[in-house]
Novice: 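Take this structure, written in structure tokens, and hold onto it; I'll ask about it next.
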2 protein chains.
Amino acid sequence: MTAATILLVEDEPEIRRFLRAALDAEGYRVVESANARRGTIDAGTRKPDLAIIDLGLPDLDGREVIRQIRSWSSMPILVLSARSEEQSKIAALDAGADDYVTKPFGVGELLARIRAALRHGARAAGGQVLRLGAATVDLGKRRALRDGVEVRLTPIEFRLLACLAKHLDMVVTQRQLLAEVWGPSYIGQTHYLRVYMKQLRDKLEADPVRPKYLITETGVGYRLLADEA
Amino acid sequence: MTAATILLVEDEPEIRRFLRAALDAEGYRVVESANARRGTIDAGTRKPDLAIIDLGLPDLDGREVIRQIRSWSSMPILVLSARSEEQSKIAALDAGADDYVTKPFGVGELLARIRAALRHGARAAGGQVLRLGAATVDLGKRRALRDGVEVRLTPIEFRLLACLAKHLDMVVTQRQLLAEVWGPSYIGQTHYLRVYMKQLRDKLEADPVRPKYLITETGVGYRLLADEA
DNA sequence: CAGCCTTTTTACGGGTTCTTTACGCGCTCG
DNA sequence: CGAGCGCGTAAAGAACCCGTAAAAAGGCTG
């Protein structure tokens, strides 16, 4: 595996140098952009594996950069924000950023987030077939089998399952699920999740009352586990 | 790895000389500042990896120095305080200091705290997986195991643990914990901490009565230790 | 336009989690 | 040496969340 390339969009030279040093030391290739406009161009031409974007850019709102990149790429995007920019931080996530780091931050924390984001980006392209005991779900083909016979999943059931599969083994919050499957305006309607999780369990789990794969995280959300392929 | 630089802000010449000798002997580079004003400047220009700040400075409140540094840097900050300065010690921690040493202190203790703080600065919240004896906690996946079997943590237990883990090896004040886990309006409700710390200990510690990892700092807060990965 | 499938809505019971209260112990300070 | 404070511990009631079922509403297709 070759070194990952990281795009760094940051206007303050001091922070830029600091970050480049830290990233170099980890063996990443680094491409720097001193402003937003430049960043959107470099994101396209230099083909980075991940982008780090400061929200306090002078020439263009950071959100705009994110939206631009998201319009053609699903690369992981990390956002840097000052503590006072709580609002724009949320806006950035809604615009499509994957994670954020609040200034002042420790190098270790940033590196950990980068590793997590890259790992996640790599998996997204990965295996599309889930094995859940006697059931298998092919996300690419939109089909599910159980003991060899086809199980019909409705569109919403399928999107819900896909959303959980995208973060396999990790908790997905109720908020995330509702926003992604039903739309942001449905956040808070948690009973939808309860109804549809039951349906998925009835269709896929051997013992729906004691689920092995579709796990509840009380007060937080749900988690999908899967057998190894 | 090159020698770490330590900034020492201390007005009494005697203590300063004493500390310099101890730090020199350990191979640290030392930068001395005789007063608070000087300290804030040196913190910016000399790029130390860690700062030691005496709270009894004559020209400026120690808290102010800490706040200044924290406004642009996340370097570890250790505070020296006299026994009588219990209050200002806590205030310093709330202002962003990472740990404290009470005068009179042993050199060994101070050096241990310095090592812990530097180690923390290097790996930071990076390590997603905590090892606490027979228990492991994966903060990213939001899962805990003990002797191989899953331990269920409730949302509050998890947030509390995560908050402590974010400042691994360092003291987190009761105020900070309450504000971050329950919300700012719960500051003062310290019995919540006692109840939940016990639950965490029961679930994670081998001998909950004599905790090795979830440490009480009487009158101040709590501290999480962890084994090396 | 009728029937079927899907989605939305409502209601309730049970279990988990959170909150609150009370008490005992050790430590410190007067 | 006694009082007071802070912490640990235990337990019970309240609040909340989840699973479950089933009916109503919506939409597509023949």
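Naming convention: chains lettered A, B, ... in sequence-line order (proteins, then strands); numbering from 1 in each chain.
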Novice: Could you give the CG-to-P distance, from B:Leu193 to C:dC18, as a whole number of Å?
Specialist: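 Rounded to the whole Å, the gap is 14 Å.
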Novice: Could you pull out all residues at least two apart from B:Asp49 that satisfy side chain to side chain contact (heavy atoms under 4.5 Å, CB included)?
Specialist: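 Result, side chain to side chain contact (heavy atoms under 4.5 Å, CB included) vs B:Asp49: B:Ala4, B:Thr5, B:Leu118.
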Novice: Quick one, A:Arg146 and A:Lys203 - any side-chain contact, counting heavy atoms below 4.5 Å?
Specialist: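 The answer is no, as the side chains (C-beta and beyond) never meet within the 4.5 Å cut-off.
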Novice: How would nucleotides 25-30 of chain C be written as a contact map, 5' to 3', with B for base contact, S for sugar-phosphate-only contact and - for no contact, using protein heavy atoms under 4.0 Å?
Specialist: ------
Novice: Select from A:Met197 and B:Lys198 the residue whose nearest nucleotide in DNA chain D is closer to the 5' end of that strand.
Specialist: B:Lys198
Novice: Could you check if a side-chain atom of B:Asp99 sits within less than 4.5 angstrom of a side-chain atom of B:Ile77, using non-hydrogen atoms only?
Specialist: no
Novice: When you compare the side chains of B:Gln174 and B:Tyr222, does any donor N or O come within less than 3.5 Å of an acceptor on the partner?
Specialist: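 Result is no, nothing qualifies.
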Novice: Are the side chains of B:Val107 and B:Leu19 in contact, using a 4.5 Å heavy-atom criterion?
Specialist: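 Of all side-chain heavy-atom pairs linking B:Val107 with B:Leu19, none is under 4.5 Å.
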Novice: Going from CG on B:Leu204 to CD on B:Gln199, what distance comes out if it is rounded to the nearest 0.5 angstrom?
Specialist: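 Answer rounded to 0.5 Å: 11.5 Å.
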Novice: Give a yes/no answer on whether the side chain of B:Thr154 brings an N or O atom under 4.0 Å of OP1 or OP2 in C:dC18.
Specialist: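 Checking C:dC18 against B:Thr154, a side-chain N or O does come within under 4.0 Å of OP1 or OP2.
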Novice: For A:Trp182 and C:dT7, is the shortest distance between a side-chain N/O and OP1 or OP2 below 4.0 Å?
Specialist: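 So the side chain of A:Trp182 is outside the cut-off, no N or O lying under 4.0 Å from OP1 or OP2 of C:dT7.
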Novice: Does A:Asp202 have any salt bridge (charged side-chain N to carboxylate O under 4.0 Å, His left out) partners at least two apart in sequence or in another chain, and if so, which?
Specialist: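 Here the qualifying residues are A:Lys198.
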Novice: If you round to the nearest 0.5 Å, how far is OG of B:Ser74 from CG of A:Leu110?
Specialist: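 Reported to 0.5 Å precision, the distance equals 10.5 Å.
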Novice: Whole-Å distance between C:dT7 P and A:Gln199 CD?
Specialist: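 Computing the A:Gln199:CD to C:dT7:P distance gives 8 Å.
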Novice: Do B:Leu7 and B:Ser33 have side chains that get closer than 4.5 Å, going by heavy atoms?
Specialist: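 The answer is yes; the side chains approach within 4.5 Å.
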Novice: Show me the protein contacts with nucleotides 9-13 of chain C, counting only N or O atoms at under 3.5 Å.
Specialist:
from  : atom 1 : to       : atom 2 : distance (Å)
C:dT9 : OP2    : A:Tyr192 : OH     : 2.2

Novice: Which residues pass the side chain to side chain contact (heavy atoms under 4.5 Å, CB included) test with A:Glu205, sequence neighbours left out?
Specialist: A:Arg201, A:Pro211, A:Lys212, A:Tyr213, A:Leu214
Novice: Can you list, by residue number, the residues of residues 141-151 of chain B that have a non-hydrogen atom closer than 4.0 angstrom to DNA chain D?
Specialist: none
Novice: Determine the contact category for B:Glu157: base if any of its heavy atoms lies under 4.0 Å from a base atom, sugar-phosphate if only primed atoms, P, OP1 or OP2 are that close, otherwise nothing.
Specialist: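 Result for B:Glu157 = nothing.
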Novice: Decide salt bridge (Lys or Arg N to Asp or Glu O under 4.0 Å) for B:Asp42 and B:Arg38; before the verdict, give the C-alpha distance in whole Å, the side-chain angles of both, and the deciding distance to 0.1 Å.
Specialist: CA-CA 6 Å; B:Asp42 290 338; B:Arg38 197 57 232 217; 3.1 Å; yes
Novice: Please identify each residue that fulfils salt bridge (charged side-chain N to carboxylate O under 4.0 Å, His left out) with B:Arg143, with sequence neighbours left out.
Specialist: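 Testing B:Arg143 for salt bridge (charged side-chain N to carboxylate O under 4.0 Å, His left out), a comparison that skips the adjacent residues, returns A:Asp169, B:Glu150.
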Novice: Side-chain polar contacts of residues 53-72 of chain B - donor-acceptor pairs under 3.5 angstrom, sequence neighbours left out - could you list them?
Specialist:
from    : atom 1 : to       : atom 2 : distance (Å)
B:Asp54 : OD1    : B:Gly56  : N      : 2.7
B:Asp54 : OD2    : B:Lys103 : NZ     : 2.9
B:Asp59 : OD1    : B:Ala36  : N      : 3.1
B:Asp59 : OD2    : B:Ala36  : N      : 3.3
B:Asp59 : OD2    : B:Arg37  : N      : 3.1
B:Asp61 : OD1    : B:Arg63  : N      : 3.1
B:Asp61 : OD2    : B:Arg63  : NE     : 3.2
B:Asp61 : OD2    : B:Arg63  : NH2    : 3.1
B:Arg70 : NE     : B:Gly96  : O      : 3.0
B:Arg70 : NH1    : B:Ser73  : O      : 3.1
B:Arg70 : NH1    : B:Met75  : O      : 3.0
B:Arg70 : NH2    : B:Met75  : O      : 2.9
B:Arg70 : NH2    : B:Gly96  : O      : 3.2
B:Arg70 : NH2    : B:Asp98  : OD2    : 2.9
B:Ser71 : OG     : B:Gln68  : O      : 2.5

Novice: Starting from the 5' end of DNA chain C, give me the residue, A:Leu153 or B:Ile156, whose nearest nucleotide shows up first.
Specialist: A:Leu153
Novice: If you look at every heavy atom in A:Ala162 and A:Leu139, which pair is closest and at what distance?
Specialist: CA-CD2, 4.2 Å
Novice: Where does the chain B footprint on DNA chain D start and end, counting 5' to 3' with a 4.0 Å heavy-atom cut-off?
Specialist: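 With heavy atoms of chain B under 4.0 Å away, the range is D:dG6 to D:dA10.
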Novice: Do any side-chain atoms of residues 175-197 of chain B form donor-acceptor pairs under 3.5 angstrom with protein atoms, and if so which ones, sequence neighbours left out?
Specialist:
from     : atom 1 : to       : atom 2 : distance (Å)
B:Gln176 : OE1    : B:Thr173 : N      : 3.1
B:Gln176 : OE1    : B:Thr173 : OG1    : 3.2
B:Glu180 : OE2    : B:Lys166 : NZ     : 2.8

Novice: When the axes are fitted on five pairs at both termini, how much does the helix from C:dC1-D:dG30 to C:dG30-D:dC1 curve, in 10° steps?
Specialist: 30°
Novice: Is any side-chain N of the basic residue among B:Arg113 and B:Glu109 closer than 4.0 Å to the acidic one's carboxylate O?
Specialist: yes
Novice: Can you measure from CG (B:Leu93) to CD (B:Glu217) and round to the nearest 0.5 angstrom?
Specialist: 9.5 Å
Novice: For DNA chain D, which residues of residues 212-224 of chain B approach it to below 4.0 angstrom with any heavy atom?
Specialist: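 The stretch gives B:Thr216, B:Thr218, B:Gly219, B:Tyr222 as the residues lying under 4.0 Å from the strand, ordered by number.
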Novice: Report yes or no: does B:Asp227 contribute a side-chain atom to a donor-acceptor pair with the main-chain N or O of B:Gly133 at less than 3.5 Å?
Specialist: yes
